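In what follows, chains carry the letters A, B, and so on, assigned in the order in which the sequence lines appear, proteins first and then strands, with residues in each chain numbered from 1. Source: prediction; values computed, not measured.
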4 protein chains.
Amino acid sequence: MAANQSAPDATRRSERSRRAIYDAALALVAEVGYPKTTIEGIASRAGVGKQTIYRWWASKADVLLEAFLDMAEQAAHAAGHVPHALPDTGDLAADLKYVLRATVDELRDPAFEAPSRALAAEGVVDEELGRRFVASLLEPQLQLYVDRLRSAQDTGEVRPDVDPRIALELFVSPLAQRWLQYTGPITYDYTDTLVDYALYGLTPRPPSPTPTPTPTDAGPASPARP
Amino acid sequence: MAANQSAPDATRRSERSRRAIYDAALALVAEVGYPKTTIEGIASRAGVGKQTIYRWWASKADVLLEAFLDMAEQAAHAAGHVPHALPDTGDLAADLKYVLRATVDELRDPAFEAPSRALAAEGVVDEELGRRFVASLLEPQLQLYVDRLRSAQDTGEVRPDVDPRIALELFVSPLAQRWLQYTGPITYDYTDTLVDYALYGLTPRPPSPTPTPTPTDAGPASPARP
Amino acid sequence: MAANQSAPDATRRSERSRRAIYDAALALVAEVGYPKTTIEGIASRAGVGKQTIYRWWASKADVLLEAFLDMAEQAAHAAGHVPHALPDTGDLAADLKYVLRATVDELRDPAFEAPSRALAAEGVVDEELGRRFVASLLEPQLQLYVDRLRSAQDTGEVRPDVDPRIALELFVSPLAQRWLQYTGPITYDYTDTLVDYALYGLTPRPPSPTPTPTPTDAGPASPARP
Amino acid sequence: MAANQSAPDATRRSERSRRAIYDAALALVAEVGYPKTTIEGIASRAGVGKQTIYRWWASKADVLLEAFLDMAEQAAHAAGHVPHALPDTGDLAADLKYVLRATVDELRDPAFEAPSRALAAEGVVDEELGRRFVASLLEPQLQLYVDRLRSAQDTGEVRPDVDPRIALELFVSPLAQRWLQYTGPITYDYTDTLVDYALYGLTPRPPSPTPTPTPTDAGPASPARP
DNA sequence: TGATAAACGAGACGGTACGTCGTGTCTTTGT
DNA sequence: ACAAAGACACGACGTACCGTCTCGTTTATCA
């Protein structure tokens, strides 16, 4: 638990330097890519001594992770605080499709892409970083799906014996894998389809009073989504 | 794939060196991890000049990808040729669970883990490599699922309007993401559950003449699985 | 004397290659300097395999030495055969001054300078090469001075107890050193002065019936030079 | 002399490293010769990073020149400061012979020979280095001869119209050339002879009241030299 | 309010690896 | 069998960063 070296005094820490380092790190990753982003490069661009980086962070990935976290926090502040929940219109399929479409947009945002790919990649190979990445960034997002699915279980839209934490992976993981590994194109149609497949399964349903519509753009009877 | 500068003459290429490089690369990645695996290290361990590596490969990742491919090929030869199809017992759920359990085993094999994580990570950040990784290693595997699902569509086990290439992601991608990003534990129970959720969906089914079993460890009336 | 490896058969040797190698070597040394002249460069420029060079020569310096020798031979053939003797007009001082002025011209010829500097430098550090350089190129030239001085001893212009091989160094070596080491400018005046100093010495001469003229050009009655 | 790129800060320079580099460079040149002395070798032997060499010196020759200069300086300090003048006993010939014999000894000292040959050779081919070599090492030595000859002019031992800077080359350059180019053996007899020839010239002297002795081992009537 | 201790910018340092170039050997493929 | 071609093991090149380590120079509490 104790300090490992000489325990820098966090109260004396220069806020200006911290910000400059975040900015430089994100900018460099976006400009030249993660592997060509160097500690020296960040330091020089931030107008900061190398030691100032080594004093407060353990690795390049560490800097970037915090920078990314900080960026997310800033964005949240800017957008009038972070969303604490997914939309809940009562129509689970529609809500999920809506959110996943937003995610598609986000995944395609270049400002977002470079650093988050870099972090994800590093996390694949560095388990410790990977777990921190997940714990601080990914899991909180996934928790929102868990909440929404729980709510759907309350209304009977989802079977009560389903584990929401696993269930959400049916539509979230395929999107994630396509993004991470370039295993397929990322489109609205695709995510819509994922939701349909996940909710209603792949096997045929026995004839029932109210048949549920299946693919992309819903059936004529469904109400318009906002 | 070959020529980078002035097109070395592939007919004169030393087979001995190529093999030694593959072996050294895989061994080093397994022993010290990908980032600490260096071209110089591979060369020296393989008893080969650095230039011989630079002559035939464009990057460390490139060497590893080919080494990995070669390893897979070797393994196939050893095991009396590569499996061209998934098992097809007529019971789709059972077949998928069986195959996914085998995949779980494979993902946990340390000899396999280090190099494939390294490649996957590199592929996240280097699109070109990523696509090659997918095309040469991943997609052929996924195609087997496509075939099996098509067969299931023929027998009526799967709805005919389902796109098998997307459908397979419902159970494959969650497993992939857990492995890549450490988003959760990887167990037989987990993959079994994925198959069940994917096949039968998350929503309740109307009462029907032949009710299909739903969750992880079967209902009370269901017979024990093998 | 004995073969060192597998004794290449000199009778089968390709004259075309030899010439091409000489030309390429001299051209490269002139163009890029000796250190940047490489065996590979010579081979490729001569349109010749590397082995052809290694088969017949022991080192880069060796190639250049032979190339230089060959060039000298060619030049001699071109100029209606080599001069076998220095001029002998009966006036030793005048003859020496004349020859040294010609040497000054030669030392300044850029075509001559690069390769001969390269050889000289290599010879400073590689005794074996140095001795061969001297024996095949320098000493034959110096021998002409020896002959001329011997002739002067016969006519009484030079004291009979003087060793001509040493005597010649009095005016040749200073020029050589200035050229080799940049210890001073190389001009006609300079070499003329060297001859005068060497012939008549540095100490004052006692008044004598036939006073010999002392400095650069001029007898006693000659007007001041500008 | 210093800055090559972005001007390293000389005040922060490590004295320990500088000394270690000089020592390693001189030792290696003495042991394996100049061409086999490498920057990497110097660095590793000095226990220094390569960059520390590249930071402060432009080339291998540069390192060696400074190392040599430093060695000379050290030697001077050790020997109770550098000699500012040649001996002046009033007998010019004796003084010159004495000094040249000392030079012969020095030229044969192996500790001195390797690095100074290396530098001389490099200077033949690299004019800039050559001129620095001359300016910092050779010319100061030659200046001592100039001074001694001037003094001899004052006493009438040397003709007043003689240019001392040129005159000294009559006995210094022959020795230099024999050493540099292996054009002949280097002995006390040889240098003694050079002095005699240079001072009294090659031509016969008219009979005079006080005949000056001429060659190496004097004539029968001449008194023994000390 | 001035002393003092830290964090800071700067950057030199011992290292490791990079990717390139040249060496000298060896092998393959025409003549 | 020599020659052109060029792959190979080797080793040095000069560069880029690494992470550590001084250096003064701010900065910012405490005496």
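Between F:dC8, F:dA7, F:dC2, one nucleotide has an atom nearer to the side chain of B:Pro8 than all others, and that is F:dA7. The side chain of C:Tyr54 sits closest to E:dG24 out of E:dA12, E:dC18, E:dG24. Taking every side-chain heavy atom of A:Val48 into account, E:dG9 is the closest of F:dC8, E:dG9, E:dT25. The side chain of B:Ser14 lies closest to F:dC8, out of F:dC8, E:dG22, E:dC18. Checked against F:dC13, E:dG24, F:dC17, the side chain of D:Gln51 finds its nearest nucleotide in F:dC17.
Distances shorter than 4.0 Å separate none of the side-chain N or O atoms of D:Trp56 from OP1 or OP2 on E:dA12. Side-chain nitrogen and oxygen atoms of D:Thr52 include at least one within less than 4.0 Å of the OP1 or OP2 phosphate oxygen of E:dG14.
Nearest-nucleotide positions on DNA chain F for D:Glu40 and A:Ser59 put D:Glu40 closer to the 5' end. In terms of position along DNA chain E, the nucleotide closest to D:Ala46 lies nearer the 5' end than the nucleotide closest to the other residue of the pair B:Thr11 and D:Ala46. Each of D:Arg13 and B:Thr38 lies near DNA chain E, and the nucleotide nearest D:Arg13 is the one positioned closer to the 5' end.
Side-chain atoms of D:Lys50 and base atoms of E:dG15 include no donor and acceptor less than 3.5 Å apart.
With hydrogens and angles ignored, the 3.5 Å screen pairs a side-chain donor or acceptor of B:Lys60 with a backbone N or O of B:Tyr34.
No engagement by C:Gly41 is indicated, since no non-hydrogen atom pair under 4.0 Å with the nucleic acid exists. Within 4.0 Å (heavy atoms only), A:Arg55 reaches at least one base atom of the nucleic acid. Across all strands shown, A:Ser17 has heavy atoms under 4.0 Å from sugar-phosphate atoms exclusively, and none from any base.
Around atom CZ of B:Arg19, more than 12 heavy atoms belonging to other residues, nucleotides or ligands sit under 6.0 Å away. Heavy atoms of other residues, nucleotides or ligands lying less than 6.0 angstrom from CZ of C:Arg13 number more than 12.
Residues A:Ile39 and A:Tyr54 are in side-chain contact: their nearest non-hydrogen atoms beyond the backbone lie under 4.5 Å apart.
For the pair B:Ile53 CD1 and E:dC18 C1', the computed distance is 13 Å after rounding to whole Å. In this structure, the CH2 atom of A:Trp57 is 13 Å from the C1' atom of E:dA7, given to the nearest Å.
In this structure, D:Arg132 does not pair ionically with D:Glu127, as no charged nitrogen and carboxylate oxygen lie closer than 4.0 Å.
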